2 protein chains.
Amino acid sequence: MATRMDVAKLAGVSPSTVSRVINDSGYVAAEVRERVLKAIRDLDYIPNRMARSLKMKECRQFACVIPSISNPFYHEIVMGIEETALQNGYTFSLYNMGSEKREYFKLVLEGFYDGLIFLSPFEVAQVLSLEEISRKIPTALYCDHRISYVVPHVYVNLKLAMKRNVEALIQQGHRRIIYLGQEWDLQLEGSRYQGYIESMADAGLEVLPDMTQLVPNLLDTLMVGYERTKSLAAVTRDFTAIVASNDLLAVGAIRALVESGMRVPSDVSVTGIDDVEIARLMTPTLTTTRIPKREIGNTLVMMLLDQIRNEHTANSSIEFSTEIIFRESTSYHPDKREDTGV
Amino acid sequence: MATRMDVAKLAGVSPSTVSRVINDSGYVAAEVRERVLKAIRDLDYIPNRMARSLKMKECRQFACVIPSISNPFYHEIVMGIEETALQNGYTFSLYNMGSEKREYFKLVLEGFYDGLIFLSPFEVAQVLSLEEISRKIPTALYCDHRISYVVPHVYVNLKLAMKRNVEALIQQGHRRIIYLGQEWDLQLEGSRYQGYIESMADAGLEVLPDMTQLVPNLLDTLMVGYERTKSLAAVTRDFTAIVASNDLLAVGAIRALVESGMRVPSDVSVTGIDDVEIARLMTPTLTTTRIPKREIGNTLVMMLLDQIRNEHTANSSIEFSTEIIFRESTSYHPDKREDTGV
DNA sequence: GGTCGATGTGGTCTCGAGGCCATATCCGAG
DNA sequence: CTCGGATATGGCCTCGAGACCACATCGACC
């Protein structure tokens, strides 16, 4: 790899002049500039980013950590992030938290990035203190409920979204509604599970043990939703609806129901949350909650830029609203068996 | 941020000694080592990666460029890449090619990465010469057919896979089979489209203009498959099968058929390629071609490591085999209308 | 004709960590 | 007692690019 020095020698000028040509700063005679540009072309010279970043103490790159690359919910957020980052002259790279979490956090703290975005901070919090990270490097979080940390974040109220889902089902005549979610739902205030519990209680409905179906935290995949529902259906069919904490689990659940001989929605209604693309291109289409994913991505980047440019961490906390979308996977009064005493 | 010098001062030693402690190299007295470690803790010192990489001329990081983050086909390859990379002490970051391609390639050439993986090199080739890149930095490609470049690559023969799909459908009695794929299929030797054309010709079946449905290159999403099929169904229903060039297009197509009142598979059979997770968790489940995605990811990283460690670019080209998986979306003899003269 | 400002170019220190080389001390063998 | 190797530590140059400062030169204007 050619260096600035090589270019300087070939063009018969000093390294400083090469820098001036590259960065278009200071005075350079037109004729000299041409000579330097030619030398750059001839040597195929590309400035070394490591060196530049070391000197400048900025690298114009963000990192984004996602819990799982296979959940399409994150994809659109990522596209929003990319969009705004590129517009502002930053690139960003994506880290999948699947396996070795610690490895990646190290990278971040080692100064490889100017800012850091976490989508869903729960897994992270178990490894490192988010507040600690955010004191060292501009940070922005997305989460599914308001958080109390002093870290800038964007959130949506998914407890509320879940309440709406449950209430809609209750209003449609459902009584025995299964909750399909992830284990950490139990530990969190303001979680989707809390919304479920409250709505059931408000309607005077009992939540039996079987009705809470939780899968391990990081495994919110299609397959896990499928397997959990399959085993549930093998044990009991005494339910008429499933509220899943996200669309992937819901999609898996629907397939499990079909294979178990239960029709959706005529036997069982199913709702998800996220409104990923597949939700309206599957059969049956999925009733779910729309989240403004692209806008969330845009906003997260703006939060980082704000911290970088203003040198202060405004403790910002921005809420986005959500909207329930009714589709084919839910239907009215499917709980006829109970009404007719069968 | 504390530097090595700060640590050295606090511990009352020289920067060299601090380096020796950190890298566990050379001789350091036990007592001094303790003092240095304490200083590191007290100052919360983390070595600066930029500086280290600049000096070492390696950064132990790979970049992986994917055409589209929303295609789950790539997710499992990415997980395979991650697995092998971490095992060997490398991290890697993911770039979504969606928008500003050039930006990312620049980063790579600027020495931010020790190696580079392209999943699907076609988009790339339109921006930069892959051979040129691979001369400057260790590179590995995944592609869907054998390529002639002098760049290490892993490939599967998807022309063959498509031939198998088409032939299976023909054997099941189908005659009017639609090809749903991407535009660049037309320009490539050994493409899936070639497989379709050949199989149809071999069986003496004519490919009418309407039977080739191509969507823009980078947009191989659910929605595009849906829309294209929807408009097709609005124009003609004179077909009994669709072979899609990947699962996403197939999933979109199936929904479009359902909405157009055509049942799958009893009216129309559909096949995909890739065997993404949703293929066996949707209704109907999708007949498709399994590709060993995780192994491909593992191998791509091994190819990079080989180049780095051996300092020579063995012109390696490794083929993985694929396997057709029959599921619910295809069925025998659906073309009864023709047989009975209707 | 001297001064000042615009134009143009090079020298050199800097960012932070790696690591070679010089140096110093100590201990045991001869 | 001396020499050599093991142990231990510091000095300083290096990686490649940024940028300040010094130093030219030139033209214009008083």
Side-chain angles (χ1 to χ4, degrees), chain A residues 1-37 39-40 43-61 89 106-114 136-137, chain B residues 1-37 39-40 43-61 89 106-114 136-137:
Chain A
M1 275 290 173
T3 71
R4 185 182 60 165
M5 198 58 206
D6 299 329
V7 174
K9 276 181 185 151
L10 183 61
V13 298
S14 74
S16 303
T17 301
V18 177
S19 283
R20 272 187 290 262
V21 170
I22 290 171
N23 302 322
D24 215 6
S25 63
Y27 297 104
V28 182
E31 182 259 348
V32 174
R33 154 171 279 113
E34 281 315 312
R35 231 163 56 220
V36 170
L37 289 175
I40 289 177
L43 291 173
D44 219 356
Y45 166 72
I46 298 175
N48 181 302
R49 179 114 168 187
M50 292 291 174
R52 180 181 229 138
S53 297
L54 172 61
K55 188 68 219 264
M56 303 300 283
K57 288 166 176 279
E58 68 154 30
C59 55
R60 307 226 122 217
Q61 188 165 238
K106 242 175 52 194
L107 259 180
V108 164
L109 293 175
E110 282 167 347
F112 239 61
Y113 297 100
D114 295 337
K136 297 187 186 172
I137 177 173
Chain B
M1 277 289 175
T3 71
R4 183 182 62 163
M5 198 58 206
D6 299 329
V7 174
K9 276 182 185 149
L10 182 61
V13 298
S14 75
S16 302
T17 302
V18 177
S19 283
R20 272 187 289 265
V21 171
I22 291 171
N23 301 322
D24 214 10
S25 64
Y27 299 104
V28 182
E31 182 257 351
V32 174
R33 155 170 280 113
E34 282 315 311
R35 234 166 51 221
V36 171
L37 289 175
I40 288 176
L43 290 173
D44 219 356
Y45 166 72
I46 298 174
N48 181 299
R49 177 115 169 184
M50 292 292 175
R52 181 180 229 139
S53 299
L54 172 61
K55 188 68 219 265
M56 304 298 284
K57 289 169 176 276
E58 68 155 28
C59 55
R60 306 226 123 218
Q61 189 165 236
K106 241 176 51 194
L107 258 181
V108 164
L109 293 175
E110 282 167 345
F112 238 60
Y113 297 99
D114 294 337
K136 296 186 186 171
I137 177 174

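Only a predicted model underlies this, so the values are computations on that prediction, with no experimental measurement involved. Residue numbers start from 1 in every chain, and the chains themselves are labelled A, B, ... in the order their sequence lines are given, proteins ahead of strands.
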In whole angstrom, what separates R49(A)'s CZ from dG18(D)'s P?
-> 12 Å
Counting only side-chain N and O atoms of S14(B), is one of them less than 4.0 Å from OP1 or OP2 of dG10(D)?
-> yes
Measure from CD on E58(B) to P on dC15(D) and round the result to the nearest Å.
-> 17 Å
Which angle, to the nearest 10 degrees, lies between the helix axes at the two ends of the helix from dG1(C)-dC30(D) to dG30(C)-dC1(D), each defined by five pairs?
-> 70°
How close do P47(A) and E110(B) get, heavy atom to heavy atom, and via which atoms?
-> O-CG, 3.7 Å
Please confirm whether the backbone N or O of R20(B) pairs with a side-chain atom of N23(B), one donor and one acceptor, at under 3.5 Å?
-> no
Could you give the start and end, 5' to 3', of the contact zone on DNA chain C for chain B, using atoms under 4.0 Å from its heavy atoms?
-> dG16(C) to dG19(C)
Smallest heavy-atom separation, I40(A) atom then I22(A) atom, equals CD1-CG1, 4.0 Å
Assign T17(B) to base, sugar-phosphate, or nothing according to its heavy-atom contacts below 4.0 angstrom with the strands shown.
-> sugar-phosphate
Please name the pair of heavy atoms, one in F112(B) and one in R49(A), separated by the smallest distance, quoted to 0.1 Å.
-> CE1-CG, 2.8 Å
C59(B) versus Y113(B), closest heavy-atom pair with distance = SG-CA, 3.7 Å
Do NZ/NE/NH1/NH2 and the carboxylate oxygens of E58(A) and R60(A) come within less than 4.0 Å?
-> yes
Look at K57(B) and dG16(D) and indicate whether a side-chain polar atom (N or O) is within less than 4.0 Å of OP1 or OP2.
-> yes
Atom pair OG1 (T3(A)) and CG (L43(A)), whose distance is rounded to the nearest 0.5 Å | 9.0 Å
Please state whether the base of dG10(D) and the side chain of R20(B) form at least one donor-acceptor pair under 3.5 Å?
-> yes
In residues 24-35 of chain A, which residues come under 4.0 Å of DNA chain C by heavy atom?
-> Y27(A), V28(A), A29(A), V32(A)
Just to confirm, is there a sub-4.0 Å distance from OP1 or OP2 of dG18(D) to any side-chain nitrogen or oxygen of S19(A)?
-> yes
What pair of heavy atoms forms the shortest contact from Y45(B) to R4(B), and how long is it?
-> CE1-N, 3.4 Å
Atom pair CE (M1(B)) and NZ (K57(A)), whose distance is rounded to the nearest 0.5 Å | 10.0 Å
Between L54(A) and R4(B), name the one whose nearest nucleotide on DNA chain D is closer to the 5' end.
-> R4(B)
Remember a base hit wins even if backbone is also touched, and classify V13(B) as base, sugar-phosphate or nothing at under 4.0 Å, heavy atoms.
-> sugar-phosphate
Under 4.0 angstrom between N23(A) side-chain N/O and dG18(D) OP1 or OP2 = yes
In terms of side-chain geometry, is the basic nitrogen of R33(A) or D24(A) positioned less than 4.0 Å from the acidic oxygen of its partner?
-> yes
K9(A) has an atom NZ; how far is it from atom C1' of dG16(D), in whole Å?
-> 13 Å
Provide the closest heavy-atom pair for V13(B) versus R35(B) in the form atom of the first, atom of the second, distance.
-> CG1-NH2, 3.5 Å
